[in-house]
Amino acid sequence: MKKYIYINICATALLLASCQSEELIHQTEGEGYIQLSSIEIDKNVQTRATDEIMGVKIIAADGTVYKQTDDWTELQGVNFLVPAGTTYTIEAYSASKNESQGFDAEPYYSGKEELTVKANTAHNVEIVCKLSQSMVTVSYSDNFKKHFSDYETTITGNDDLSIVFNSTETRSAYVKAGQPLKASLNLTPNGGSPTNIERTIVENALPAYRYNVKYDVNTEGIGDINISVNQDRHEYEITLGVPLKPDGVSTTAIAGDNSKVWGKFAILEGQCTFIEPESPVEFKYKKTTDDTWETATAIKDNETNLYTAKVTNLEFGTEYQYKIVCGEAEGSVLSFTTEPYEEIPNLNLDTWTQDGKNWFANAVANAYEGEGAYWATGNEGVTSFLAGSNDPITVRTDDAVSGYAAEMHTITGITLVGAASGNLFIGKYKTNMGEPSASVTFGRPYTGARPTKLSGYYKYTPKPISNDGSVPGNLVNDECNIYVRLWDSEGNEIGFGEFVGKEQVDTYTPFEFNINYSDPKKRPATITIVATSSHYGGEFSGAKVVGQVGAGSTLWVDEFSLSYE
């Protein structure tokens with residue numbers, strides 16, 4: 001059944017008999033007449049039955065809402081006079097709903113048409129109101145159910161979409177149109193290990209279309225996908241073939257396992273349970289968009305049937321396919337997507353801004369908020385608020401490996417805090433005179449690939465300890481410190497690595513250290529890189545620095561670089 005909005009626009013000479021009296025025609029010469037007759041809905045896709053209360057908006061060309069009601073019957077049969085030559089958009093919509101997602105969401109209908117009112121002309125404008133969302137169903141063939149003991153599918157799209165279809169779910173789910181849809185199947189073969197198969201089913205979901213996803217098995221060992229479209233019914237029939245492989249060989253799913261999938265490398269896993277495995281035992285892998293497979297030697301895990309291979313030189317944010325090969329037998333083709341790249345601004349330390357005495361390793365003179373603020377120092381507190389100091393503790397220098405570098409030095413004899421070490425860090429600085437240690441906020445948001453190493457160049461001049469600091473308590477000479485720290489979304493540290501320099505280094509010398517992850521299954525939400533001329537210059541007790549530092553200790557750093565393999 002189709003539902004429409006009928007809009008009659010009548011002008012003087014043409015509507016004498018059917019629209020208005022002679023007196024009204026005389027009054028409306030040069031104007032149009034709008035009358036709402038009815039609203040209907042075009043259901044090209046079968047939806048769940050709901051009561052539809054349709055609203056109407058009549059919108060002028062300048063965006064002004066001329067008339068609006070959430071119940072169109074309030075305007076039914078009412079005549080509206082509007083000037084000829086004006087343009088209006090008439091919109092109809094499901095008044096009591098929104099375009100929500102999920103099994104409990106309701107269908108949302110809308111439609112609109114633009115018209116320009118003409119004098120002495122009658123217009124009939126027909127607006128078709130159709131479903132604004134897409135619909136998704138998931139089913140499993142009887143043959144599929146014979147081979148797999150436990151399974152469920154998750155439909156994902158944009159960040160706010162994740163709908164789970166378990167093995168008995170038969171309902172349709174509404175999803176927002178215009179987003180890509182992926183189907184991620186978790187299943188356990190009878191007598192086998194859990195695995196995951198992820199497929200993209202559509203790049204751009206169309207409104208008023210149903211996507212019927214059906215899983216079936218493919219005994220040829222190919223995970224194929226077949227799509228057919230019924231335009232009359234507005235339906236996509238999508239059959240995903242789940243490959244069946246010879247007993248004894250299975251590829252292990254690593255998609256979603258952060259300990260296996262990184263930015264530039266991945267740890268492939270599979271099982272070969274043959275008593276005497278045929279040679280070679282290896283992994284095949286490739287970018288999903290490539291035709292040619294690459295080979296990686298499989299390494300057996302002690303006395304188990306598990307084989308692994310580390311594949312490197314992968315591309316950030318890219319989908320790959322892989323499978324285990326044991327002689328002539330092959331495991332299922334599965335996929336994973338590497339972590340995306342996210343740039344850390346100004347790692348080469350060539351961009352600086354000066355504001356008065358203070359230097360900022362940013363494109364703006366700001367170490368706190370705002371576009372361009374990323375790196376920070378303690379300069380503002382030292383030069384502006386702390387008596388006994390005059391100069392910034394971190395400055396730009398052209399004594400560099402390339403371009404510019406950062407020069408940091410330690411000072412003592414400062415009122416209130418006692419000492420300040422030169423520092424440069426990813427984070428924010430805002431002076432807190434009551435609690436100086438709280439002036440520093442380490443870290444900026446970061447959701448890119450997890451780095452595995454930091455390298456760069458440094459020079460260092462350590463000085464004898466010159467304050468009465470008690471941490472660590474056994475230093476004779478100062479030492480510098482460079483480190484990386486990452487936290488998860490709950491603020492827990494998940495990654496850390498550092499370099500400590502204790503010797504005098506008069507020329508720029510490379511340094512490098514690994515970043516170790518305490519929980520490699522977690523993804524980062526925040527990152528910092530810190531360099532300081534005194535290792536313990538950030539140790540406070542109340543307002544006073546209690547870390548041992550040496551006045552005049554100076555650290556130069558340049559050309560930071562993160563690695564991901």
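- Side-chain atoms of Trp375 never come within 3.5 Å of backbone atoms of Trp352 as a donor-acceptor pair (strictly under, hydrogens ignored).
- Looking at Lys264, Lys260, Arg450 one by one, the single match for salt bridge (charged side-chain N to carboxylate O under 4.0 Å, His left out) with Glu339 turns out to be Arg450.
- Between Arg210 atom CZ and Gln133 atom CD the span is 12.0 Å, to the nearest 0.5 Å.
- A donor-acceptor pair under 3.5 Å is formed between the side chain of Thr338 and the backbone N or O of Gly317.
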inquiry  = side chain to side chain contact (heavy atoms under 4.5 Å, CB included) for Thr377 and Ile393? Distances and angles first, verdict last.
reply    = CA-CA 8 Å; Thr377 73; Ile393 51 178; 5.8 Å; no
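- Remark: of the listed residues Tyr446, Tyr374, Phe442, Tyr374 is the sole one forming a side chain to side chain contact (heavy atoms under 4.5 Å, CB included) with Ile426.
- Atom CH2 of Trp556 and atom CE of Met408 lie 10.0 Å apart (nearest 0.5 Å).
- Looking at every heavy atom in both residues, Ser132 comes nearest to Ala177 through O-CB, 3.5 Å.
- Asn379 places no side-chain N or O within 3.5 Å of a backbone atom of Pro392 that could act as its donor or acceptor partner.
- Between Phe165 and Phe103, a ring centre-to-centre spacing shorter than 6.0 Å is recorded.
- No side-chain donor-acceptor contact under 3.5 Å links His535 to the backbone of Glu479.
- Using a distance-only test at 3.5 Å, with no hydrogens or angles considered, a donor-acceptor pair links the side chain of Asp350 to the main chain of Tyr404.
- Note: Ser134 OG to Gln179 CD = 7.5 Å, rounded to the nearest 0.5 Å.
- In plain terms, the two heavy atoms of Ile324 and Thr251 that are nearest each other are N-OG1, 3.3 Å.
- Within the 4.5 Å cutoff, side-chain heavy atoms of Ile197 are placed close to those of Val242.
- The closest side-chain donor-acceptor pair between Asn481 and Glu498 falls under 3.5 angstrom.
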task = Give the C-alpha distance, both sets of side-chain angles, the deciding distance and a yes or no for side chain to side chain contact (heavy atoms under 4.5 Å, CB included) between Trp293 and Val325.
result = CA-CA 12 Å; Trp293 292 90; Val325 178; over 6 Å; no
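- Atom OH of Tyr285 has more than 12 neighbouring heavy atoms from other residues, nucleotides or ligands inside a 6.0 Å radius.
- Two residues are said to be in side-chain contact when any heavy atoms from C-beta on lie closer than 4.5 Å; Leu314 and Glu565 fail this criterion.
- Between Val213 and Leu240, the shortest heavy-atom contact is CG1-CD1, 3.8 Å.
- Checking Ser553 against Ser534 by side-chain atom types alone, no donor-acceptor pair falls below 3.5 Å.
- Closest non-hydrogen pair, Asn423 versus Thr394, comes out as O-OG1, 2.7 Å.
- With respect to the salt-bridge test (charged N to carboxylate O, under 4.0 angstrom), the residues Glu237 and Lys214 do not qualify.
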task = With side chain to side chain contact (heavy atoms under 4.5 Å, CB included) as the test, would you mind laying out the steps for Glu559 and Ser402 before giving the verdict?
result = CA-CA 8 Å; Glu559 300 297 318; Ser402 177; 3.7 Å; yes
query = Given the rule in the side-chain hydrogen bond (donor to acceptor under 3.5 Å, both in side chains) test, do Asn196 and Ser184 qualify, once you have shown the distances and angles that lead to the verdict?
reply = CA-CA 7 Å; Asn196 174 271; Ser184 179; 2.8 Å; yes
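- With Phe499 as the fixed residue, the ring-ring contact (aromatic ring centres under 6.0 Å, His included) test singles out one of Tyr457, Tyr460, Phe511, Phe513: Phe511.
- Distance OG1/Thr137 to CD/Glu169: 10.5 Å, rounded to 0.5 Å.
- With contacts defined as side-chain heavy-atom distances shorter than 4.5 Å, the pair Lys176/Asn158 does not qualify.
- The heavy-atom pair separating Glu269 from Ile254 by the smallest distance is N-CG2, 4.4 Å.
- Under the 3.5 Å distance criterion, the side-chain polar atoms of Thr397 are matched with a main-chain donor or acceptor of Asp399.
- Checking side-chain atoms of Asp488 against main-chain N and O of Lys522 turns up no donor-acceptor pair under 3.5 Å.
- Within the 4.5 Å cutoff, the side chain of Tyr174 has heavy atoms near those of the Met135 side chain.
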key: Pair Val311-Phe283, side chain to side chain contact (heavy atoms under 4.5 Å, CB included): steps then yes or no   = CA-CA 9 Å; Val311 292; Phe283 287 91; 5.9 Å; no
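- The backbone N or O of Glu369 sits less than 3.5 Å from a side-chain atom of Asn366, completing a donor-acceptor pair.
- Within the model, atoms CZ of Phe265 and OH of Tyr564 stand 12.5 Å from one another, a figure rounded to the nearest 0.5 Å.
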query = Can Asp216 and Thr239 be said to form a side-chain hydrogen bond (donor to acceptor under 3.5 Å, both in side chains), step by step?
reply = CA-CA 7 Å; Asp216 201 354; Thr239 302; over 6 Å; no
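- Side-chain contact check for Thr295 and Lys284: at least one donor-acceptor pair (N or O, by modelled atom type) lies under 3.5 Å.
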ask   = Does the side-chain hydrogen bond (donor to acceptor under 3.5 Å, both in side chains) test come out yes or no for Asn362 and Thr353, once each step is laid out?
value = CA-CA 6 Å; Asn362 298 315; Thr353 304; over 6 Å; no
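- Among Glu315, Glu319, Glu294, the one residue that satisfies the salt bridge (charged side-chain N to carboxylate O under 4.0 Å, His left out) test with Lys287 is Glu315.
- Relative ring orientation between Tyr341 and Phe316 is described as tilted, the plane-to-plane angle lying within the 30° to 60° band.
- Judged purely by atom type and a 3.5 angstrom limit, Thr554 has no side-chain atom pairing as donor or acceptor with the backbone of His409.
- Distance check: Glu106 CD to Asn98 CG gives 9.5 Å after rounding to the nearest 0.5 Å.
- Taking each heavy atom of Phe560 and Ala531 in turn, the nearest pair found is CZ-CB, 4.5 Å.
- Note: Trp262 and Tyr517 meet the aromatic proximity criterion, with ring centroids under 6.0 Å apart.
- Side-chain contact annotation: Thr447 with Glu342, donor-acceptor N/O pair under 3.5 Å present.
- With respect to Pro451, the side chain to side chain contact (heavy atoms under 4.5 Å, CB included) criterion is satisfied by exactly one of Ile344, Leu562, Ile529: Leu562.
- Residues Ser162 and Thr154 are in side-chain contact: their nearest non-hydrogen atoms beyond the backbone lie under 4.5 Å apart.
- A cation-pi arrangement is absent between Lys145 and Tyr140, since the terminal nitrogen or guanidinium carbon is not both under 6.0 Å from the aromatic centre and inside a 45° cone about the axis.
- Under the 4.5 Å side-chain criterion, counting only non-hydrogen atoms from C-beta, Val202 is not in contact with Tyr236.
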ask   = Could you go step by step and tell me if Ser421 and Thr532 meet the side-chain hydrogen bond (donor to acceptor under 3.5 Å, both in side chains) rule?
value = CA-CA 7 Å; Ser421 58; Thr532 179; 3.2 Å; yes
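- Side-chain atoms of Thr441 never come within 3.5 Å of backbone atoms of Gly427 as a donor-acceptor pair (strictly under, hydrogens ignored).
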